[in-house]
There are 2 protein chains.
Amino acid sequence: MTKMNNKNKIFIDKLRSSGLRPTNQRVEISKFLFNRKKTFHFTVEELKSSMNLKRQKKISTATFYNTVHALKSAGHLKEFSLENNTSCYDTNITSHHHFFDNGKVIDIKSDKITFQKLPEAPKGKKIKNVEVVIRLENNN
Amino acid sequence: MTKMNNKNKIFIDKLRSSGLRPTNQRVEISKFLFNRKKTFHFTVEELKSSMNLKRQKKISTATFYNTVHALKSAGHLKEFSLENNTSCYDTNITSHHHFFDNGKVIDIKSDKITFQKLPEAPKGKKIKNVEVVIRLENNN
DNA sequence: ACATACTTTAGAATAATTATAAAGTAGTTA
DNA sequence: TAACTACTTTATAATTATTCTAAAGTATGT
Ligand SMILES: [Mn+2]
Ligand SMILES: [Mn+2]
Ligand SMILES: [Zn+2]
Ligand SMILES: [Zn+2]
């Protein structure tokens, strides 16, 4: 078992609160995802490629999927579908919106969009969340 | 070749304007999609199942995909991704929004949602469209 | 160390979609 | 209408994203 220095505690805690033991692979994934200044968006395939690029011993696809799903279920990641029907994960778990610009996804802070009018939920239902996608195209 | 009565003209025109010759299979698909009072949402698999159910000679999967894609490209259908990453097509091609209610998709007329504030597009870009998804959950 | 439980992984299996290429059909010409 | 050509349909293979399985590996408690 690895010697864990205290500076990894926050990444380990995200795993523990997702019901995952902090194994080496998982801690590396958690650090890769959350040890940064800015949040970002990624697909599992992108995550796997960029993390495995620098590694001698590759982390398996299943471990990436399992870990990402657990983090997502615990609320440490948000998930949405890209236009090509693949899952995109977001380390920004605050409520916010997106620009879709030809495959590129850009955050829109929640307070940049406000509503004048919103429909009521059908009876028996209530609103869980409201998400806006603004699709962009090139000028002219 | 089939004898086309005039009442199919509108469905045939949608095919022609999509760059497709109005073959029997295509006309049947076009009628199935557009010969109704209310618009609806469907996946290719659902379309195939429901149309082939009543047929002796089945229309092939490829023909469904090809026809739906051509209609979509010509603007006769809109496409969006469901949460399980499959394509959902919409015969309502007006600009509008959706409730997502556990896999069920419900239209929200465009005028039911208005914005108080919307962000500007990044420089060099402009807004192509704005789509809102309101996710629902059960009350209580 | 032993036993037990959890983890990792390669590879198989699924599901949605796209590509291929042969056989069928329609449109045009002679 | 026969022949020619172009477009269509379809079965089937291929791809891609994702999930499942089962065996081998690793950690934890005693
Ligand atoms: Mn998933
Ligand atoms: Mn498609
Ligand atoms: Zn985001
Ligand atoms: Zn709709």
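Where B/Arg21 and A/Thr43 meet DNA chain D, the nucleotide closest to each residue was compared, and B/Arg21 sits on the side nearer the 5' end. Along DNA chain D, the nucleotide nearest to B/Thr61 and the one nearest to B/Gly19 differ in position, and the one closer to the 5' end is contacted by B/Gly19.
Comparing atom distances between the A/Asn66 side chain and each of C/dT7, D/dT10, C/dT9 picks out C/dT9 as nearest. Distance from the side chain of B/Ser60 is smallest to D/dT10 among C/dT17, D/dT19, D/dT10. For B/Ala62, the listed nucleotide lying nearest its side chain is C/dA19; candidates were C/dT8, D/dT8, C/dA19.
Taking 4.0 angstrom as the limit, B/Asn85 places none of its side-chain polar atoms (N or O) nearer than this to OP1 or OP2 of C/dA16. Under 4.0 angstrom from either OP1 or OP2 of D/dT10 there lies at least one side-chain N or O belonging to B/Thr63. Taking side-chain N and O atoms only, A/Tyr65 has a distance below 4.0 Å to OP1 or OP2 of D/dT18. One finds no side-chain N or O of A/His69 lying less than 4.0 angstrom from the OP1 or OP2 phosphate oxygen of D/dT18. Of the side-chain N and O atoms in A/Ser87, one or more sit less than 4.0 angstrom from OP1 or OP2 of D/dT18. Between A/Gln25 and C/dT9 there is a side-chain polar atom (N or O) within less than 4.0 angstrom of OP1 or OP2. Considering only side-chain N and O atoms, B/Lys57 lies under 4.0 angstrom from the phosphate OP1 or OP2 of D/dT10.
No side-chain N or O of A/Asn139 forms a donor-acceptor pair with one of B/Lys125 less than 3.5 Å apart. B/Asn129 and B/Ser95 share no side-chain donor-acceptor pair at under 3.5 Å.
A/Phe42 places its CZ atom 11 Å from the P atom of D/dT18, with the value rounded to the nearest Å. Between A/Arg26 atom CZ and D/dA27 atom P there is a gap of 12 Å when expressed in whole angstrom units. Following rounding to the nearest Å, A/Arg16 (CZ) and C/dC6 (P) show an atom-to-atom distance of 15 Å. Taking atom CD on B/Glu79 and atom C1' on C/dT17, their separation rounds to 11 Å, with Å as the unit. Distance, A/Gln56 CD to C/dT9 P: 11 Å, rounded to whole Å. Put simply, CZ on A/Phe64 is 19 Å from P on D/dC20, counting in whole angstrom units. Following rounding to the nearest Å, B/Ile59 (CD1) and D/dA11 (C1') show an atom-to-atom distance of 15 Å. Between the NZ atom of A/Lys72 and the P atom of D/dT18 there is a distance of 12 Å, given to the nearest Å.
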What verdict does the salt bridge (charged side-chain N to carboxylate O under 4.0 Å, His left out) test give for A/Glu45 and A/Lys48, after you've listed the backbone C-alpha separation in whole Å, the side-chain angles of each residue and the deciding distance to 0.1 Å? CA-CA 5 Å; A/Glu45 199 50 47; A/Lys48 187 180 92 170; 3.8 Å; yes

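The residue A/Glu45 sits apart from the nucleic acid: no heavy atom pair falls under 4.0 Å.
Each salt bridge (charged side-chain N to carboxylate O under 4.0 Å, His left out) pair with one or both residues in residues 129-140 of chain B, not counting sequence neighbours, appears once here: A/Glu131-B/Arg135, A/Arg135-B/Glu131, B/Lys78-B/Glu131, B/Glu83-B/Arg135.
Each of B/Lys112, B/His97, B/His98, B/Lys38 was compared with B/Asp107 under the side-chain hydrogen bond (donor to acceptor under 3.5 Å, both in side chains) criterion, and only B/His98 meets it.
Remark: the backbone N or O of B/Ser30 is not paired with any side-chain donor or acceptor of B/Asn35 at under 3.5 angstrom.
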